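Notes to accompany the following structure.
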Amino acid sequence: MSIISKDIQKAITLLTNEELVAIPTETVYGLAGNIFSEKAIKCIFKTKKRPFFNPLIVHISSVDVLETIVSEVPKKAKILAKHFWPGAMTLVLKKHKDIPDIITAGKDTVAVRVPNHPVTITLLNQLPFPLAAPSANPFNNISPTKPAHVERYFKNDIKMVLDGGSCKNGIESTIIGFEDDEPIIYRLGALALEDIEAVIGAVRIKNKKEENPDAPGMLDKHYSPLTRTILTSSITKEIKKYPNKKIGILTFNTSFKSDAISYEIILSKNKDLQEAASKLYDALHELDHLNLDVIIAEKLPETGLGNSMNDRLQRAAFSN
Ligand code: AMP
Ligand code: MG
C-alpha cells in the first residue's frame, strides 16, 4: 500500500507520537520530526544515514515563534525575515537555550525557516512543537521534489508522506548566517543572491567546504545520482569523449540532436531559470533510473538561480 496521503490529521498523530512524516515544502520534501523528541530526531539521522556533524533546519509556522528558537536576531536578519518569510531562506542565528544539541550538531547556532507551503503551514499551526526537517533523501542522494521520490527512498522506513504535490521551487533553501552581525551566504539556493542583495546590499558567499567550518554540511560531493555525472559548458565536446556509451543529457533550453545520445531532458525551452530549478532534481531522478553509463549536464547561465543550480550540479559531479 502507498504511504502517500493527504491526511493532515494522520500526520499530526504520527508526529505527536514521536514518529517521522515526510512533508511538502516549496523547496524540497523534508523528513520531519518533533525538535524536542530525542527519539524522533535520532530516527531522522538513522533513516537518512546522515552523520551527526550535519545539523538540521528547524521549520516554524511564522516569524512570531522565532524568539522560542533563537536568542538574538541581528538587524539585517529581522529585515530578511520580514521580506522573505514564508519562503526559501534559512537563517542561522544564535540558538535559544532550549534547542537540543543534536539539532545543531553541538553548535551555538541554529538554522531556522518558515516554509511557504499551505499544507505544511496548516500542519505547523496545529502542532505544539516545531519540526526539524532535512531533505527526505538518503545522505548525499538527490533531494526529492515529488511524493513518489520520497516513497521510493523510504517506503520501508516511514509510515507517511504528506502529499502536497510537486515542489514549486525544487531546490533547497538559501542559507544565510551572521558573522559579527554581517550576513554571509552559507548555501546558494532557491532564493537568488540578487534578490537578497536588493534588500540588504552586498553579501559575502562562503559555500565551499574549506572556507566554511561554520556550515558543517557543505560537502564537495552531495546531491548525487548513482550514475556518473559530468558538468560541462560544451555538451557537443563532452559527448565525443564517450563513444559507444549510453549517454543521457540534461540541457538548459537547447536540444542536441545526435545519435550518440540515448536520452535528453530539456529543463526550460523558454530559458526560464525558475522553471529549470523546479525540474532539475526530477530530471536527475529520471536520468538516474535509465541505466545510463553517464549523465552529461550542461552548465546553466551564471546568474540568479543558475548559480544555485550550478552549485548543486558541481556537487553531483564531484569525484575524488
Ligand atoms: P538540509 O537539511 O539537508 O537542507 O541541510 C541543512 C544544512 O543546513 C546543513 O547541511 C548545514 O550546511 C546547514 N546548517 C544547519 N544548521 C546549521 C548551523 N547551526 N550552522 C551552520 N549551518 C547549518
Ligand atoms: Mg539535504
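All figures in this text were calculated on a predicted structure; none of them were measured in a lab. Counting starts at 1 for both ligands and their atoms, following the listed order. All values below were derived from every heavy atom in this structure, side-chain atoms included, with hydrogens, water molecules and symmetry-related copies excluded.
Side-chain atoms of Asn253 and Lys269, non-hydrogen and from C-beta on, never get closer than 4.5 Å to each other. You'll find the side chain of Phe36 stays beyond 4.5 Å of the side chain of Ile41, heavy atoms only. By the 4.5 Å heavy-atom criterion applied to side chains, Thr229 and Ser224 are not counted as neighbours. No side-chain heavy atom of Ile175 sits under 4.5 Å from any side-chain heavy atom of Ile185. The shortest distance between side-chain heavy atoms of Lys279 and Ser268 does not fall below 4.5 Å.
The side chain of Ile175, and not its backbone, has at least one atom closer than 4.0 Å to an atom of ligand 1 (non-hydrogen atoms only; side chain from C-beta on). Heavy atoms of Arg187 found under 4.0 angstrom from ligand 1 belong exclusively to the side chain.
Counting protein heavy atoms only, atom 21 (C) of ligand 1 is closest to Asp214 O, 2.8 Å. In terms of protein heavy-atom proximity, atom 12 (O) of ligand 1 is nearest to Gly217 N, 3.5 Å. The protein non-hydrogen atom at the shortest distance from atom 10 (O) of ligand 1 is Asn54 OD1, 2.7 Å. Pro134 CA, 3.2 Å is the protein heavy atom nearest to atom 2 (O) of ligand 1. Protein heavy atom in closest approach to atom 14 (N) of ligand 1: Pro55 CG, 3.8 Å.
Proximity of a side-chain donor or acceptor of Asp288 to a complementary backbone N or O of Leu226 within less than 3.5 Å is detected.
For atom 6 (C) of ligand 1, the nearest non-hydrogen atom from the set Arg113, Glu172, Lys48, Arg50 comes from Arg50.
Under the 4.0 Å criterion applied to side-chain N and carboxylate O atoms, Arg312 and Glu172 are assigned as salt-bridge partners. Salt bridge annotation for Glu182-Lys76: present, with a cationic side-chain nitrogen under 4.0 angstrom from a carboxylate oxygen. With respect to the salt-bridge test (charged N to carboxylate O, under 4.0 angstrom), the residues Lys146 and Asp282 qualify. Salt bridge status for Glu19 with Lys39: absent, with no side-chain N to carboxylate O gap under 4.0 Å.
Side-chain contact annotation: Thr25 with Arg113, donor-acceptor N/O pair under 3.5 Å present.
The ligand atoms of ligand 1 that sit less than 4.0 angstrom from a heavy atom of Ser135 are 2 (O), 3 (O). Residue-ligand proximity, Lys107 to ligand 1, at heavy-atom distances under 4.0 Å covers atoms 18 (C), 19 (N), 20 (N). For ligand 1, the atoms lying closer than 4.0 Å to a non-hydrogen atom of Thr109 are 18 (C), 19 (N), 20 (N).
Taking the six-membered ring for Trp, His117 and Tyr29 have ring centres at least 6.0 Å apart.
Ligand 1 does not have Gly177 within reach: every non-hydrogen atom of the residue lies 4.0 Å or more from it. Residue-ligand proximity: Thr104 is placed with every non-hydrogen atom at 4.0 Å or more from ligand 1.
Note on the Mg ion (ligand 2): protein N, O or S atoms under 2.8 Å away count 1, no waters included.
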